[in-house]
There are 2 protein chains.
Amino acid sequence: MTESKRPSRDLREACLAEALAVIASDGVEKLSLREVARRLGVSHQAPYKHFPSRDHILAGVVARAFADFAAYLDRCLAGGDPAIELEAMGQAYLDYASAHPLEYRLMFGTPLPEPEAHPEMMRQARHAFALLCEGLRRKAEAEGLALSDEEVNRDAMFIWSGLHGFAAISTSTILGSLGFEPHHMQAARAHLFCAIGKALKP
Amino acid sequence: MTESKRPSRDLREACLAEALAVIASDGVEKLSLREVARRLGVSHQAPYKHFPSRDHILAGVVARAFADFAAYLDRCLAGGDPAIELEAMGQAYLDYASAHPLEYRLMFGTPLPEPEAHPEMMRQARHAFALLCEGLRRKAEAEGLALSDEEVNRDAMFIWSGLHGFAAISTSTILGSLGFEPHHMQAARAHLFCAIGKALKP
DNA sequence: AAGGCAAGGTAGACATTGTCAACTCCCTCG
DNA sequence: CGAGGGAGTTGACAATGTCTACCTTGCCTT
C-alpha cells in the first residue's frame with residue numbers, strides 16, 4: 001500500500017491527463033471539473049485543491065501541449081544543411097498538427113482566457129517563432145545572403161501564415177463538408193511546400 | 001403601438017443580434033440563452049421558440065457572419081481583369097478579418113457545433129470557398145491556362161492557408177508578446193501578397 | 001514523544017445554465 | 001363565431017462552477 005498516501009502530485013497529474021481525455025472524448029466545451037473528479041473516483045472538490053478554477057486546468061492542459069509542440073520542433077535542429085533543416089521543421093509543424101489535432105486546436109484554435117495570465121504559454125510560443133527565424137537566417141547565410149531582421153521577420157511571418165493556416169484548416173471540421181478527402185489534403189500539403197519554396201526564391 | 005404585436009420574426013432577429021452582442025462583450029463561452037432573453041426583456045424560454053438549442057443560436061450567428069463575409073468577397077467580382085479581381089478578393093479577405101475580428105474568429109477560430117447538424121451554416125461556408133475557386137479559375141482562363149479542378153483546389157488551398165494563417169495570427173493575442181507592431185504587420189501583409197503572387201507564377 | 005498545523009480530500013449549499021412540460025394569450029382560418 | 005395553433009410565460013429538474021465548513025494524515029516544533 002505505498003500508494004494513495006501522498007497523492008498530491010499524482011492527483012494533479014491525473015487531473016491533467018483525465019482532462020485531456022475528457023476533451024478528446026466529449027470536446028473542450030464539455031470539460032468539467034466534476035466530470036474529471038468523477039472519472040478519477042474522487043470528490044467533486046478534490047481538483048480545486050490543485051487548480052483554482054476550470055480555466056486554470058484548461059490552461060494547464062494547453063501549457064503541456066505547447067511544451068510538447070516546442071520539443072517536437074526542437075528535434076529538427078539536429079544540425080546539417082540549413083535548407084533541409086528548415087524544410088524538416090515545416091514538415092514537423094504540420095506533422096504535429098496532424099498527429100495531435102486535438103492539442104493543436106487547443107493551442108491555436110481555442111479562445112484562451114487571459115493569455116498574459118499564463119506567461120509560460122507565451123514564452124513557448126515566442127520560442128517556436130524564434131526557432132523559425134533562426135532557421136531562416138541560417139539558410140540565408142548558407143546561401144551567402146545577408147538578410148535584415150525585418151526581412152527575416154517578414155519571411156517568417158509568411159511561412160508561419162501558410163503553415164498555421166493549413167494546419168488550422170486541416171484540423172477543422174469545415175473540411176468534411178467542403179468535400180475534401182485525405183488524399184486531396186496530402187496533395188495540397190505537398191503543393192503548399194512547393195509554393196512556399198517557390199516564393200522564397202529571389 | 002404597432003410593435004410587440006407580431007414580434008415573431010423580430011424576436012428571432014433580435015436574438016441573433018443580441019447573441020452577437022453578448023459574445024462581443026463577454027466572449028463566446030459566456031453566451032447563454034438566458035442572458036439573451038434577459039437582455040431582451042423576455043422570458044428565459046422565449047428564444048427556444050425560434051432556436052431548438054443553444055448550439056442552434058450560435059450556428060445562426062455564425063451563418064450570418066459567413067453570409068456577410070461572402071457578400072464582402074462578392075463585391076470584388078465586379079468584373080474586369082481577373083488577376084486584379086483575385087488580388088482584390090485577397091485584400092478584402094484580410095480587410096474583413098481586421099474589420100470584424102470577432103466574426104472572423106467565430107467562423108474560423110471557434111470549435112463549431114456539429115457542422116452536419118447545421119447545414120445552412122456550412123452552405124454559407126462552402127459558398128465563400130467557391131468564390132475563391134471561381135476567381136482562380138477566371139484568372140487562369142484569362143491567362144490561357146486550363147486548370148483541372150484538382151489544380152484549382154490545390155492553389156485555392158494554398159492561398160486560403162496563407163490568408164487564413166495571417167488573419168488568424170493577426171487577430172490573435174500572440175502578436176503582442178511577439179513584439180510585432182502595426183507597421184510591421186502592414187509590411188508583412190504586403191510581403192505576404194507579394195510571396196503568394198510569386199508562388200502562383202508557373 | 002506530544003501536540004498542533006497545514007496540505008490534501010470530503011460533503012453540503014447556492015446561483016446559474018440548458019432543457020422539458022404544462023399553461024396562457026391572441027391572431028387566423030374555417 | 002369558435003377551434004386551432006403559433007408565440008410567449010411559468011415552473012421544474014439535472015448538471016455545473018464555486019464558496020464554506022469539515023475531516024484526515026503525515027510532518028514539524030518544542
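Chain naming here is simple, since letters A, B, ... match the order of the sequence lines and numbering starts at 1 in each. Owing to the predicted nature of the structure, the values given are computational and were not obtained by experimental measurement.
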If you check every side-chain atom of [X], which of [options] has the closest atom?
X       : options               : value
A:Ser43 : D:dT16, C:dT10, C:dG8 : C:dT10
A:His44 : C:dG9, C:dG12, D:dG8  : C:dG12
B:Arg34 : C:dG8, D:dA12, C:dT10 : D:dA12
A:His50 : C:dT17, D:dG8, C:dG8  : C:dG8
A:Ala46 : C:dG18, D:dG17, C:dG9 : C:dG9

Would you say [X] places a side-chain N or O within less than 4.0 Å of OP1 or OP2 belonging to [N]?
X       : N      : value
B:Tyr48 : C:dC20 : no
A:Arg54 : D:dA15 : no
A:Arg12 : C:dG9  : no

For this session: Look at B:Arg39 together with B:Asp26 and state whether they make a salt bridge at an N to O cut-off of under 4.0 Å.
Result: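 Yes, B:Arg39 and B:Asp26 are salt-bridged.
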Exercise. So, B:Arg138 and B:Glu85, do they make that salt bridge, N to O below 4.0 Å?
Worked result: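 Judged by the 4.0 Å cut-off on N to carboxylate O distance, B:Arg138 and B:Glu85 do form a salt bridge.
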Problem set entry | Sub-4.5 Å side-chain heavy-atom contact between A:His44 and A:Leu33 |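 A:His44 does not reach A:Leu33 side chain to side chain.
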Euclidean distance, atom [atom1] of residue [X] to atom [atom2] of [N] [Å, nearest integer]:
X       : N      : atom1 : atom2 : result
B:Arg38 : C:dA15 : CZ    : C1'   : 11 Å
B:Asp55 : C:dT19 : CG    : C1'   : 13 Å
B:Gln45 : C:dA22 : CD    : C1'   : 11 Å
A:Phe51 : D:dT18 : CZ    : P     : 13 Å
B:Glu29 : D:dT16 : CD    : C1'   : 15 Å
B:Asp10 : D:dA7  : CG    : P     : 12 Å
B:His56 : C:dG18 : NE2   : P     : 15 Å
B:Leu33 : D:dG8  : CG    : C1'   : 15 Å

For this session: Measure from NZ or CZ of A:Arg54 to the centre of the six-membered ring of A:Phe51 and say whether it is under 6.0 Å with the direction within 45° of the ring axis.
Result: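 No, A:Arg54 and A:Phe51 do not form such a contact.
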Exercise. Within 45° of the six-membered ring axis of A:Phe66 and under 6.0 Å from that ring's centre, is NZ or CZ of A:Arg64 located there?
Worked result: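 No cation-pi geometry.
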Exercise. When you match A:Lys49 and A:Glu35 each to their closest nucleotide on DNA chain D, which lands nearer the 5' end?
Worked result: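 The residue mapped nearer the 5' terminus is A:Glu35.
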Problem set entry | Touch class at under 4.0 angstrom, heavy-atom based, for B:Leu31 against every strand present |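 Result for B:Leu31 = sugar-phosphate.
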